[in-house]
Number of protein chains: 2
Amino acid sequence: MLNLPFKALADPTRRKIILLLKEHDMTAGEIADQFKMTKPSISHHLSTLKQAQLVTDERKGQNIYYSLNTTVFQEVVNWFFNAGHVNEGGNSDEEC
Amino acid sequence: MLNLPFKALADPTRRKIILLLKEHDMTAGEIADQFKMTKPSISHHLSTLKQAQLVTDERKGQNIYYSLNTTVFQEVVNWFFNAGHVNEGGNSDEEC
DNA sequence: TCAACAGTTAGATAATTATCTAAATATCTA
DNA sequence: TAGATATTTAGATAATTATCTAACTGTTGA
C-alpha cells in the first residue's frame with residue numbers, strides 16, 4: 001500500500017531529506033546538519049521514511065548511513081501514471 | 001509551493017477522489033456516493049483539494065462540478081523527476 | 001413564494017503529528 | 001574499561017487533522 005509513502009512525503013523536511021538522498025547516501029548526522037531542527041527530530045523523520053520504506057539504513061561503525069529506496073520511490077511515481085487507467089489494458093507501466 | 005498538494009495527497013480518500021476525477025468531471029454528490037463517509041466530510045476533502053489547487057469547481061445549476069487541475073497535478077509529478085538533479089543541466093523536463 | 005434538493009459552513013471531539021529535552025544504546029579508541 | 005561520539009528512544013506538549021451532527025446557503029420548479 002502506498003499510504004505510508006504518501007504520508008511520509010507530506011512533510012517538507014522529509015521531502016528535502018529525499019532530495020538529499022537522491023544525490024548520495026548520507027549519515028544521520030550529515031542529514032541533521034542540513035536542518036535547523038534537533039537531531040532527535042530528524043531521527044524521527046528518518047524513522048517515518050524508513051517505515052514507509054522510502055529509505056533504508058545501514059550501520060557502518062559509529063555511523064548509520066541512509067539511502068533512498070528507489071523501488072518504493074518508483075511505485076509512488078507510478079501511482080501518478082497509473083492513476084485513472086488501472087486495470088484497463090495490458091500492463092503498460094514500467095518505464096515511460 | 002508544492003506543500004499543499006503533497007499534504008492533500010497524503011489522505012487516501014483524497015487520492016481516490018483524484019483517481020475518480022481523472023476519469024471524468026463529477027458533481028460533489030456523485031463523488032460523495034463513492035464513499036461511506038458523510039457529505040460534509042467529502043465536502044471538506046474537496047475543499048482541501050481545491051485549496052491545494054489540485055481540483056477546480058464550477059457550479060452548473062444546482063450541482064457543483066469538480067475537475068482535476070492537471071497543471072498542478074503535473075507539477076507534483078515533476079517534483080519526482082526533478083528531485084535530485086535540479087539546476088544541473090538544461091531544462092530536460094516536460095514529457096519523458 | 002415555498003418546498004425540495006445539492007452542497008457548504010460551523011462547531012465539537014478524538015486521533016495523529018511535529019517538535020522539544022532528557023535519557024538510553026551502540027561503537028570506537030585510548 | 002572509561003570517555004567520547006553518533007544516533008535513537010521516551011515522554012511531554014502544542015498544533016493539525018478527519019470526522020461527525022446540526023445548521024445554513026443557493027438553485028430549481030410548482
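Protein chains get the first letters and strands the later ones, always in sequence-line order, with residue 1 at the start of each.
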Participant: Walk me through whether A/Phe6 and B/Arg15 qualify under side chain to side chain contact (heavy atoms under 4.5 Å, CB included).
Facilitator: CA-CA 10 Å; A/Phe6 267 112; B/Arg15 284 199 304 280; 3.4 Å; yes
Participant: Rounded to whole angstrom units, what separation is found between the CD1 atom of B/Ile17 and the C1' atom of D/dA18?
Facilitator: 13 Å
Participant: Check nucleotides 3-5 of chain D for protein N or O atoms closer than 3.5 Å to its own N or O atoms and list the pairs.
Facilitator:
unit_1	atom_1	unit_2	atom_2	d
D/dT5	O2	A/Gln62	NE2	2.8

Participant: Identify the two heavy atoms, one from A/Leu46 and one from A/Ala28, that lie closest to each other, and give their separation to 0.1 Å.
Facilitator: CD1-CB, 4.0 Å
Participant: Would you find a donor on one side and an acceptor on the other, under 3.5 Å apart, between the side chain of A/Arg14 and the backbone of A/Ala8?
Facilitator: yes
Participant: Within this structure, what is the NZ-to-C1' distance between A/Lys36 and C/dA18, rounded to whole angstrom?
Facilitator: 17 Å
Participant: Just distance, no hydrogens or angles: give the donor-acceptor pairs under 3.5 Å from side chains in residues 31-40 of chain B, sequence neighbours left out.
Facilitator:
unit_1	atom_1	unit_2	atom_2	d
B/Thr38	OG1	B/Ser41	N	3.4
B/Thr38	OG1	B/Ser41	OG	3.0

Participant: For A/Arg14 and C/dA18, give me the distance from atom CZ to atom C1', rounded to whole Å.
Facilitator: 9 Å
Participant: Would you classify B/Thr48 as touching base, sugar-phosphate or nothing, given that sugar-phosphate means primed atoms plus P, OP1 and OP2, and contacts are heavy atoms under 4.0 Å?
Facilitator: nothing
Participant: Could you check which of C/dG7, C/dA18, C/dC20 has an atom nearest any side-chain atom of A/Thr38?
Facilitator: C/dC20
Participant: Atom CG of A/Leu4 to atom C1' of C/dT16: distance rounded to whole Å?
Facilitator: 13 Å
Participant: Can you tell me how far P of D/dA6 sits from CG of A/Asp33, to the nearest Å?
Facilitator: 9 Å
Participant: Who are the side chain to side chain contact (heavy atoms under 4.5 Å, CB included) partners of A/Asn69, not counting sequence neighbours?
Facilitator: A/Gln53, A/Thr56, A/Thr71, A/Val72
Participant: Taking only side-chain N and O atoms of A/Lys7, does any of them lie within less than 4.0 angstrom of OP1 or OP2 on C/dT16?
Facilitator: no
Participant: Within the distance-only criterion (no hydrogens, no angle test), does the side chain of B/Glu30 pair as donor or acceptor with the backbone N or O of B/Thr27 below 3.5 angstrom?
Facilitator: yes
Participant: Between atom CG in B/Leu49 and atom P in D/dT17, what is the gap in whole Å?
Facilitator: 13 Å
Participant: In whole Å, what is the span from the CG atom of A/Asn3 to the C1' atom of C/dT16?
Facilitator: 13 Å
Participant: Output yes when at least one side-chain N/O atom of B/Asn63 is less than 4.0 Å from OP1 or OP2 of C/dG7, else no.
Facilitator: yes
Participant: Figure out the CD/C1' separation between B/Glu58 and C/dA6, and round it to whole Å.
Facilitator: 16 Å
Participant: Under 4.0 angstrom, heavy atoms only, what part of the nucleic acid is B/Lys60 near: base, sugar-phosphate, or nothing?
Facilitator: nothing
Participant: Mind listing the N/O atom pairs, protein and nucleotides 8-13 of chain D, below 3.5 Å?
Facilitator:
unit_1	atom_1	unit_2	atom_2	d
D/dT8	OP1	A/Tyr66	OH	2.4
D/dT8	OP2	A/Ser43	OG	2.8
D/dT8	O5'	A/Ser43	OG	3.2

Participant: Can you classify the ring geometry of B/Phe81 versus A/Phe81 as parallel (below 30°), tilted (30 to 60°) or perpendicular (above 60°)?
Facilitator: perpendicular
Participant: Can you name the side chain to side chain contact (heavy atoms under 4.5 Å, CB included) partners of B/Leu4, sequence neighbours left out?
Facilitator: B/Ala52
Participant: How would you list, by chain and number, every residue that makes a side chain to side chain donor-acceptor pair (under 3.5 Å) with A/Asn63, sequence neighbours excluded?
Facilitator: none
